[in-house]
Amino acid sequence: VLDQPTDFTGGVAVVTGAAAGIGAGIARHAAELGMRVVLADVDTAGIDALAARLREEGAEVHAEPTDVRDFEQVNRLADRVFAKWGEVRLLVNNAGVELHGNTWEFATDQWHRIVDVNLNGVFHGIRAFVPRLLTQPSRSHVVNLASVAALRVSPYTSGYAATKHAVLALTEALAQELGAVTDRVVVSVVCPGAVRTNIFSNADVADHDGVGERSRQAMAATLVDVGLEPLEAARIILSGAARGDLRIHTDPEVSRAFITQRAADLAFWD
Ligand SMILES: NC(=O)c1ccc[n+]([C@@H]2O[C@H](COP(=O)([O-])OP(=O)(O)OC[C@H]3O[C@@H](n4cnc5c(N)ncnc54)[C@H](O)[C@@H]3O)[C@@H](O)[C@H]2O)c1
């Protein structure tokens with residue numbers, strides 16, 4: 001936790017997966033805070049439309065088509081942002097996808113896709129931006145999106161769980177490494193509970209007897225029933241990041257239940 005929370009006003013925010021859902025909520029909230037916003041997504045039409053809306057509301061916005069699976073594209077994103085605005089105060093590695101089914105039934109390209117987006121995409125953001133953030137005199141923040149799925153293990157979403165556990169681990173290691181060399185690059189990992197987005201409608205399914213599709217539909221229904229609005233989630237995420245919280249929970253009760261259960265599951269000595 002920082003002595004003095006970061007004031008994001010006037011800074012540059014880069015958000016991957018910014019065309020929809022939580023990423024769009026974070027972009028919108030960053031603009032509300034007076035940040036210049038960079039929207040990065042494979043959905044070019046989506047980031048162009050959001051950029052137009054945010055500009056109408058008075059924000060300075062740059063839309064950059066980017067596939068986080070490809071390091072060259074993420075590095076090009078960083079090149080263009082630094083060429084245009086010279087600094088980054090907030091990087092949010094948010095792009096993520098879902099995959100449902102029995103592990104042995106996933107197509108290898110489905111498996112590779114979820115690992116490439118959810119895990120390698122986060123690494124690519126770190127690799128492209130952190131060396132530049134380390135040379136910046138001002139404080140900056142790196143925020144990685146994990147999930148409450150990083151805090152437990154459940155069936156039919158092994159790829160999602162594995163990548164989100166990995167993002168939690170990688171972010172915690174990154175925080176320790178950066179902590180050893182600087183206090184200017186601050187790292188957070190977000191474990192959102194349900195947020196009302198289309199992530200499950202967009203999900204990949206591997207289905208032989210319907211388990212994948214049932215799992216996908218159950219999760220989609222949960223988001224509609226109890227999900228936070230993306231903008232509300234964005235406010236929790238950016239205020240936690242500004243405070244320097246290493247772990248940010250948008251639904252503390254759900255996180256607490258999963259952590260308690262997981263700790264009990266792991267405690268072989270009981
Ligand atoms: N919605 C939830 O309840 C929830 C809960 C926990 C964690 N999360 C995490 O939050 C993040 C955002 O999820 P969301 O619910 O807003 O999803 P979403 O599907 O609404 O939005 C994801 C965005 O990422 C983009 N994207 C997909 N692949 C990409 C790629 N290769 N490169 C760049 N952009 C890409 C999509 O085009 C989309 O705009 C994800 O990492 C997700 O795992 C979501």
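Counting starts at 1 for both ligands and their atoms, in listed order. For reference, positions follow the sequence shown, starting with 1.
- Closer than 4.0 angstrom to ligand 1 lie heavy atoms from G17, A19, A20, G21, I22, D41, V42, D43, T66, D67, V68, R69, N94, A95, G96, V97, V117, L145, A146, S147, Y160, K164, P192, G193, A194, V195, T197, N198, I199, N202, L223.
- Each of F200, Y156, F106 was compared with H100 under the ring-ring contact (aromatic ring centres under 6.0 Å, His included) criterion, and only F200 meets it.
- Within the 3.5 Å criterion, the main-chain N or O of E253 finds no donor-acceptor partner in the side chain of S255.
- Residues passing the side chain to side chain donor-acceptor pair (under 3.5 Å) test with E232: none are found, sequence neighbours excluded.
- Residues satisfying the salt bridge (charged side-chain N to carboxylate O under 4.0 Å, His left out) criterion with D79, sequence neighbours excluded, are R132.
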| message | For a side-chain contact (heavy atoms from CB on, under 4.5 Å) check, start with the C-alpha distance between L170 and I126, then their side-chain angles and the critical distance, and finish with the verdict. | response | CA-CA 10 Å; L170 123 76; I126 292 165; 3.5 Å; yes

Which donor-acceptor pairs under 3.5 Å do side chains of residues 217-227 form with protein atoms, sequence neighbours excluded?
residue : atom : partner : partner atom : Å
Q217    : NE2  : E213    : OE2          : 2.7
T222    : OG1  : A218    : O            : 2.9

